[in-house]
Asker: 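Have a look at the structure that comes next, please.
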Amino acid sequence: MVRALERGLSLRDFEELTVGMIIGYIVTYNNCNVDEEDIEREATQADFDSF
């Protein structure tokens, strides 16, 4: 509930939406607002060498 409120839903929205709809909204919001820097990548040999 807290995460849905952080993403713009109101308490009134909880009366009208089902749990599945709320989760779908959160997933869609997260997918649309992902920064490329937040995505983890696998370390390469160059990363280990520079470490």
Asker: Quick test of your reading of the model: are Arg12 and Glu15 salt-bridged, counting only N-O distances below 4.0 Å?
Answerer: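 Salt bridge flag = no for Glu15 with Arg12.
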Asker: Same cluster or not: Tyr29 versus Ile23, using hydrophobic residues (I, L, V, M, F, W, Y) connected whenever any side-chain heavy atoms lie under 4.5 Å apart?
Answerer: no
Asker: Quick check: is Val19 connected to Leu9 through a chain of hydrophobic side chains (ILVMFWY, heavy atoms under 4.5 Å apart)?
Answerer: no
Asker: Could you tell me which non-hydrogen atom of Ile22 sits nearest to which non-hydrogen atom of Ala4, and how far apart they are?
Answerer: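 Closest pair (atom of Ile22, atom of Ala4, distance): CG2-CB, 3.9 Å.
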Asker: For the residue pair Thr28 / Asn31, report whether a side-chain donor-acceptor contact shorter than 3.5 Å exists.
Answerer: no
Asker: Can any side-chain N or O of Tyr25 pair as donor or acceptor with the backbone N or O of Arg7 at less than 3.5 Å?
Answerer: yes
Asker: Distance-only, no hydrogens or angles: does the Asn30 side chain make a donor-acceptor pair with backbone N or O of Val27 under 3.5 Å?
Answerer: no
Asker: Show the nearest heavy-atom pair for residues Leu11 and Met1, with the distance to one decimal.
Answerer: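 So the minimum-distance heavy-atom pair works out to CD2-CE, 3.4 Å.
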Asker: Hey, any chance Phe14 and Ile26 share a hydrophobic cluster, counting ILVMFWY side chains that come within less than 4.5 Å of each other, even indirectly?
Answerer: yes
